[in-house]
Structure formats: C-alpha cells, structure tokens
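Some notes on the structure that comes next.
Quantities reported herein were computed from a predicted structural model and do not represent experimental measurements. Below, each value reflects all heavy atoms present in this structure, side chains not excepted, and no hydrogens, waters or symmetry copies. Proteins come first, then strands; the chains are lettered A, B, ... in the order of their sequence lines, and each starts at number 1.
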There are 2 protein chains.
Amino acid sequence: MSTIGFAPHDHKSCVAGTLHKAEAHCASQGLRLTPVRRRSLEILLAEHRALGAYDLLGILAKEGLGAQPPVAYRALDFLVGAGFAHKIEALNAYIACAHLGTCHMPAFLICRSCKSVAEADTAPAQGRLGDAAREAGFVIERTVVEAEGICPQCQDAAA
Amino acid sequence: MSTIGFAPHDHKSCVAGTLHKAEAHCASQGLRLTPVRRRSLEILLAEHRALGAYDLLGILAKEGLGAQPPVAYRALDFLVGAGFAHKIEALNAYIACAHLGTCHMPAFLICRSCKSVAEADTAPAQGRLGDAAREAGFVIERTVVEAEGICPQCQDAAA
DNA sequence: CAGGTATTGATATGTTATAACATTATAGCT
DNA sequence: AGCTATAATGTTATAACATATCAATACCTG
Ligand SMILES: [Zn+2]
Ligand SMILES: [Zn+2]
Ligand SMILES: [Zn+2]
Ligand SMILES: [Zn+2]
C-alpha cells in the first residue's frame, strides 16, 4: 500500500503509468477513451489535488474541447464510472484514482493547508463502519470516507 | 450505542429529549437558541432523514420565519457548530444529531431507497482510517464517513 | 444608558449540477 | 458500402446549493 500524494515521487511515470492502465482497461472492457475523456484524465492526473468540475471545464475550454458544463460533467461521470477518478464529497471536487487496478473502496486524506489529497487503500467497509452496518442490518453499496487535516509537509512547515 | 433511525422507536420522546438536551447545552455554554434556530432544530428532528437547506427554508418561510437563503444557512451553521446537527456531504443535506451529548465523530448509514439516515457512533478516526493517517503522518481534524446502501426495512420490502 | 457584540433583514451574486433535445460519430450487421 | 442501433457531443436553459455584503436591530455588560 501507500498513501501517494504526500511526499514527492516520480510523478511523470506516475501519470504515464496510470494513463497506460486506463487505456488498457478501456480496450479490454470496450470503453471509449475519447479525446475529451482522455484529456480530462490527464488534467486530473497532473496533480494529486482535487479539481472542481468548473476548473476542469475552464482548462478544456481554453483547449477548445468544449465550453459548457455538461462537457465537464460527462467526462467526470465517465471517469468516475470507469473507476479512473473519484469524487471528493467534502470538496465537491474530483481527483484521479491513485490506485488504478486495485479493487477498492477508497478513503482520502485531505490537507486543508496545501489542498493535496492522498488516497489510502483501506477497505473502510470492512472496519468499524462495516461492523456498525452489519449490526444494524444495513447493506453497504458505496462508502464515502474522507479525513480533513494537515499533511506531514504542512506540519513541518508550521514547526 | 445504537443506530437509531432505522427501526421504529418512541420518536416523540426522542425529539423532546434531544430538544431538552440542546436547551440545556445552550444555557450552560451561553449560546442562544433563538426562535429560528430552535424551530430549525425541531424541523430536522421531525424525521430521521436529511433535509436540504432549501427544504428547511421552505418550511421556515411558510411559518413566517424568514424567506431568504441566509436564514436557513445561518440556522444550519449554528446547529452544526453547536453539534446539534450534521451535514451529510454525500447528499448536500443536513440532519439532526441522534447522539447529542456523546462526543463523537459521526458515521452515517444512508438508505438510497427510503432516504432514511442512521447515525452510528463509531469513532472512525480510531479505525483503519486512523491507522492509514498515522502511517502517512497525517493529522486528522475532521472525518466524513458515510455509507450508502439499503436499510433493513427496504431489504424486507424488496424480498 | 452608552457602547460593543451577536443576530437578523435584505439584496445580490457565486458555485455546483442536471434536464432536455438536436446532431454527429461509432460499431456491428447485411 | 449501406443500414441501423447505440454512444457520444453540441447547445440552451435552468435547477440546486451556498456565500458576500451591508444595513438594521436586539442583547448583554459596565
Ligand atoms: Zn482509487
Ligand atoms: Zn499540506
Ligand atoms: Zn451526531
Ligand atoms: Zn430504506
């Protein structure tokens, strides 16, 4: 495992590898990674931060890939549906999946200072949340697990 | 503990008890449970469901307690700040706290069929999310833990 | 009762997301 | 290649959620 996103890493290969996996997944599943979708994924992958739909739309618009809200929301719906991106509910924003391929119910660590977001691969539905649900007779279909706080770098910076 | 919200219970005393606790807390903390705030809490307490800010506003407006968005958002900010209500991020909606008094990082079970919401008292930051955060050197300040799925009643109804 | 703080009233605007319908591209089939 | 069904885009409009700002009023406290 690893909560990529904090701490520097070879981001160029991080991006290229994810794009490559996404292409392979689309090919094998008969999904179509069209220009807008592919570019949207690249844009999200550029940083380990969450982007608002309208932030994405702004970039797409500059590049002539579409200027109306549905363009961004359709691309995001596709990426989220395919598992290539996740919505961060606490921010109403979207982020590229950092563990593509791994089957996961993601959990996120969100730094309120530098806005970076790390995706942890922790299967929250199997922890206490799962216990509580089982006890209540509730069947979980999707989980939203997000923690807001301060990342290691920002703690060091403050010290 | 208990994930109140699913399964019937004496809701009248559930509401009255919570209101009473809220009043006591305000008195002891020098907070002011003004008419709009008190009525907003009553409205949220009426059901174990989450209400949108504009749903609340609609009810307040009918009762002559204010017709503009800030009225509802101010009341909700107060209730959330005081710990009397929580925001459900996955729904952009608000719900009265079901465990008033218990210090808690709440977790919610949200039925996508009947829209009822149960609040579990599970301290999510102490489970796997906490482990992942510690491992990453991340300091958690707030957690959003929400599970969407099907409640016991709706499972029975479908069977 | 004067002065500071919290609350409310009111208007406007900003931000996020979807509905609806026309048009164009793609893929599979004959 | 031509036909058809489906998927994707273009475009307009609007719904739903949330905040900024400033003026007026209520409330506590000295
Ligand atoms: Zn992921
Ligand atoms: Zn940070
Ligand atoms: Zn609560
Ligand atoms: Zn239900």
Whole-Å distance separating the [atom1] atom of [X] from the [atom2] atom of [N]:
X	N	atom1	atom2	result
Leu65(A)	dT11(D)	CG	P	13 Å
Leu33(B)	dT7(C)	CG	P	11 Å
Glu63(B)	dT8(C)	CD	C1'	17 Å
Leu57(A)	dT15(C)	CG	C1'	13 Å
Leu56(A)	dA17(C)	CG	C1'	14 Å
Arg37(A)	dA8(D)	CZ	C1'	6 Å
Leu60(A)	dG10(D)	CG	P	11 Å
Asp55(B)	dA15(D)	CG	P	16 Å

Open item on the list: With a 3.5 Å distance limit and no angle check, can you tell me whether Glu141(B) reaches the backbone of Glu148(A) through a side-chain donor-acceptor pair?
Closed with: no

Task: First encountered from the 5' end of DNA chain C, between Gln68(B) and Pro35(B) - done: Pro35(B)

Open item on the list: Students often mix this up, so state it plainly: with edges at 30° and 60°, are the rings of His48(B) and His11(B) parallel, tilted or perpendicular?
Closed with: perpendicular

Task: Sub-6.0 Å ring centroid separation between Phe108(A) and His86(A) - done: yes

Task: Short side-chain N/O contact to dA17(C) OP1/OP2 from Asn92(A), under 4.0 Å - done: yes

TODO: Would you indicate, yes or no, if dT16(C) has its OP1 or OP2 atom less than 4.0 angstrom from a side-chain nitrogen or oxygen of Lys87(A)?
DONE: no

Check residues 66-82 of chain B and write down every donor-acceptor pair under 3.5 Å in which the side-chain atom is one partner and the other belongs to a residue at least two apart or another chain.
none

Task: Lys/Arg N to Asp/Glu carboxylate O, Arg134(B) vs Asp131(B), below 4.0 Å - done: yes

Open item on the list: Between Gly52(B) and Arg32(B), which residue's closest nucleotide on DNA chain D lies nearer the 5′ terminus?
Closed with: Gly52(B)

Give me the distances for all protein-to-nucleotides 19-24 of chain D N/O pairs that come in under 3.5 Å?
none

